[in-house]
Amino acid sequence: MLDHEYTTKDIFRKNFFKDWRKEMTAEEKATITDLKKCNFTEMSEYFKAQSEARKAMSKEEKQKIKEENERLLQKYGYCIMDNHKERIANFRIEPPGLFRGRGDHPKMGMLKRRIRPEDIIINCSKDSKCPEPPPGTKWKEVRHDNKVTWLVSWTENIQGSIKYIMLNPSSRIKGEKDWQKYETARRLKKFSIKFNAFCSSKEEGETADTVGCCSLRVEHINLYPENEGQEYVVEFDFLGKDSIRYYNKVPVEKRVFKNLQLFMENKEPDDDLFDRLNTSILNKHLQELMDGLTAKVFRTYNASITLQQQLKELTTADENIPAKILSYNRANRAVAILCNHQRAPPKTFEKSMQNLQAKIDAKKDQLSDAKRELKSAKADAKVRKDEKTKKAVENKRKAVQRIEEQLMKLEVQATDREENKQIALGTSKLNYLDPRISVAWCKKWGIPVEKIYNKTQREKFAWAIDMADEDYEF
DNA sequence: GTCTGAACTTAGCAATATGTGG
DNA sequence: CCACATATTGCTAAGTTCAGAC
């Protein structure tokens, strides 16, 4: 991790050194007293060399590794549930290492210990052949609980939380749950509520300081009776899940604005904004409004309804397939922005943008050359009037057309990439957008579903690809 | 009511695989 | 066919929800 920014952070270094010293012998402890004086370059070089060696391997060696991975997958990557062979999601146990919390995490750098068979609980049915622990070891427990979906669990040592091995998203059990999620969100359509919130509460000092709706503090909002020509504007600025910043200015109803003013009266910046509300009160209230309604349903609803509406708005009939796909990506992007799904701009972004621009310029030159050739071929044909020159004109015309299409494709690509610089589309696509909306859109416009969903996504959304026709309405 | 823990979903980053143009 | 760019997959942390203890 030597090259990583983590290692420059004080908390990371402090936590690492503290945990490392716990592992030392008395002698080591006496010798190694200052992390600054420790030199890890030799180890770092070793791993770098390993990675280089891996890259430099011959085709045959790479193929061998691939086959070995496939063998492991076949051996450990599947289970039988209700008589069906199902793919397991994370069948490899998490290796030991240094904990990398996100944001300002107080525990970053702590030693994540190796998981041993004695830490492992196996959950399988009574009549099944229970997996054997490695020779000379024992599982912590073997149980037969058919009220839960996990196959294996263990307790990790950083937060003391339980980790699980569960089934792949393509499995029946996950697919049905996913379907159910969207059905609940669809029922929200009947209500004309616009509500964009989520909740959380956490122990201080154990986690990074992030908030959700119920735990927003006074310091996270500013109120503007008037702002940029709009009335009753609330400015949000806080760190949410994964310490991703949420910044937005939202005009609200006067009544909401006045209430927020009241909630902020006589409070310190670090006081709770909603001090009489907690997640259980909120969820109880939501449950009364609609069966199955919880805070996160709004996110699913907002995302899916926005995709549907954006697709309607952005797709035009006479466009070609690449242009339609651009429209799809734009609709997807609108959702990602709504949900605040961000990503760090790729390290190679500027460079790859320049390269693409260079390609576009080259293509433009090529186009004007082709046009010039077409012109002279036409002139030629006018004079000669024979079959051969006529055919030449036709060929040149086709060439121009082809280059124009290529140019357009490149330009579309450039626009798409620029607009996507800091936006992550994957999260919404995978977790919030009812796949039946996308499938219906594909069917309606004759777009192969492979253009929208890759192999993994098609496996996860198999249920939707199967059931949605082109008239599907969310 | 309030707190805690178990179970499950959602999240962004990094490594790896694949595709493409020179 | 190679180098580079892009797409996909893997990884695991960080959320939400709900039930049950107190």
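Quick note: numbers below take in every heavy atom, side chains included, and nothing from hydrogens, waters or symmetry partners. All chains are named by letter (A, B, ...) in the order of the sequence lines, taking the proteins before the strands, and each is independently numbered beginning at 1.
Between A:Lys177 and C:dT17 there is no side-chain N or O to OP1 or OP2 distance below 4.0 Å. At B:dT10, one or more side-chain N or O atoms of A:Lys181 fall inside 4.0 Å of OP1 or OP2 (strictly under the cut-off). Distances shorter than 4.0 Å separate some side-chain N or O of A:Thr294 from OP1 or OP2 on C:dT17. When the side-chain nitrogen and oxygen atoms of A:Thr210 are compared with OP1 and OP2 of C:dG15, one or more of them lie within a distance under 4.0 Å. For the pair A:Tyr432 and B:dA11, the criterion of a side-chain N or O lying under 4.0 Å from OP1 or OP2 is met. The side chain of A:Gln159 contributes an N or O atom lying less than 4.0 Å from OP1 or OP2 of C:dA14. Distances shown here put every side-chain N or O of A:Lys163 at or beyond 4.0 Å from the OP1 or OP2 atom of B:dC8. Neither OP1 nor OP2 of C:dT8 sits under 4.0 Å from any side-chain N or O of A:Lys455. Within the 4.0 Å cut-off from OP1 or OP2 of C:dT8, not a single side-chain nitrogen or oxygen of A:Arg458 is found. Contact annotation: A:Lys296 reaches the phosphate of B:dT10 (side-chain N/O to OP1 or OP2, under 4.0 Å). Contact annotation: A:Asn454 side-chain N/O to C:dA7 OP1/OP2 distance is not under 4.0 Å. Between A:Asn283 and the phosphate of C:dT16, there is no side-chain N or O to OP1/OP2 separation shorter than 4.0 Å. Dashed line: the shortest gap from a side-chain N or O of A:His4 to OP1 or OP2 of B:dA14 is under 4.0 Å.
Summarising the geometry, the separation between CG on A:Asn278 and P on B:dT2 is reported as 6 Å, rounded to the nearest angstrom. For the pair A:Lys429 NZ and B:dT9 C1', the interatomic distance rounds to 19 Å; values are reported in whole Å. As a whole-Å value, the separation of A:Tyr453 OH from C:dT8 P is 13 Å. Separating the OH atom of A:Tyr246 from the P atom of B:dG12 is a distance of 14 Å, rounded to the nearest angstrom. Regarding A:Lys241, its NZ atom lies at a distance of 7 Å from the P atom of C:dG15, rounded to whole Å. In this structure, the CG atom of A:Leu430 is 12 Å from the P atom of B:dG12, given to the nearest Å. The nearest whole Å value for the distance from the CG atom in A:Asn168 to the P atom in B:dT9 is 12 Å. One atom, CZ of A:Arg102, and another, P of C:dA14, lie 6 Å apart when rounded to the nearest Å.
With a 6.0 Å cutoff to the six-membered ring centre and a 45° limit on the axis angle, A:Arg299 counts as a cation-pi contact of A:Tyr432.
Between A:Phe236 and A:Phe238, the two ring planes are perpendicular [angle over 60°; tilted spans 30° to 60°].
Checking B:dT10, B:dC8, B:dC13 against the side-chain heavy atoms of A:Arg343 singles out B:dC13 as nearest. For A:His105, counting side-chain heavy atoms from C-beta on, the closest listed nucleotide (C:dA14, B:dA14, C:dA13) is C:dA14. Checking B:dC13, B:dC8, C:dA13 against every side-chain atom of A:Trp150, the shortest atom distance belongs to B:dC8. Checked against C:dG15, C:dA14, B:dA7, the side chain of A:Tyr164 finds its nearest nucleotide in B:dA7. Nearest nucleotide to the A:Thr427 side chain, out of B:dA11, B:dT2, B:dA7: B:dA11. Set against B:dA6, B:dC13, C:dA14, the side chain of A:Asp242 has C:dA14 as its closest nucleotide. With distances taken from any side-chain atom of A:Val148 to the nucleotides B:dC13, B:dA7, B:dT9, the minimum falls on B:dA7. Nearest to the side-chain atoms of A:Met166 among the listed nucleotides B:dC8, C:dT12, B:dT10 stands B:dC8.
Contact annotation for A:Thr149: backbone-only contact, meaning every heavy-atom pair under 4.0 Å involves sugar-phosphate atoms and none involves a base. No engagement by A:Pro169 is indicated, since no non-hydrogen atom pair under 4.0 Å with the nucleic acid exists. Residue contacts for A:Lys112: at a heavy-atom cut-off of 4.0 Å it reaches the sugar-phosphate backbone alone, with no base atom in range.
Enclosure of atom NZ in A:Lys138 is not indicated, since only 12 or fewer non-hydrogen atoms of other residues, nucleotides or ligands lie within 6.0 angstrom. Under a cut-off of 6.0 angstrom, the local environment of NZ in A:Lys267 is crowded, with over 12 non-hydrogen atoms contributed by other residues, nucleotides or ligands. By the 6.0 Å contact criterion, CH2 on A:Trp463 is enclosed, its count of non-hydrogen atoms from other residues, nucleotides or ligands being greater than 12.
Listed for the A:Lys9 side chain is no donor-acceptor partner under 3.5 Å among the backbone atoms of A:Gly109. Judged purely by atom type and a 3.5 angstrom limit, A:Glu141 has no side-chain atom pairing as donor or acceptor with the backbone of A:Ile120. A side-chain donor-acceptor contact under 3.5 Å links A:Asn431 to the backbone of A:Thr427.
For A:Lys147 and A:Ala424, each mapped to the nucleotide of DNA chain B holding its nearest heavy atom, the one lying further toward the 5' end belongs to A:Lys147. Judged by closest nucleotide on DNA chain C, A:Phe99 is the one of A:Gln287 and A:Phe99 placed further toward the 5' end. Projected onto DNA chain C by closest heavy-atom contact, A:Asn90 and A:Val297 fall at different nucleotides, the more 5' of which corresponds to A:Asn90. Residues A:Asp145 and A:Lys460 both approach DNA chain B. Their nearest nucleotides, taken by heavy-atom distance, put A:Asp145 toward the 5′ side.
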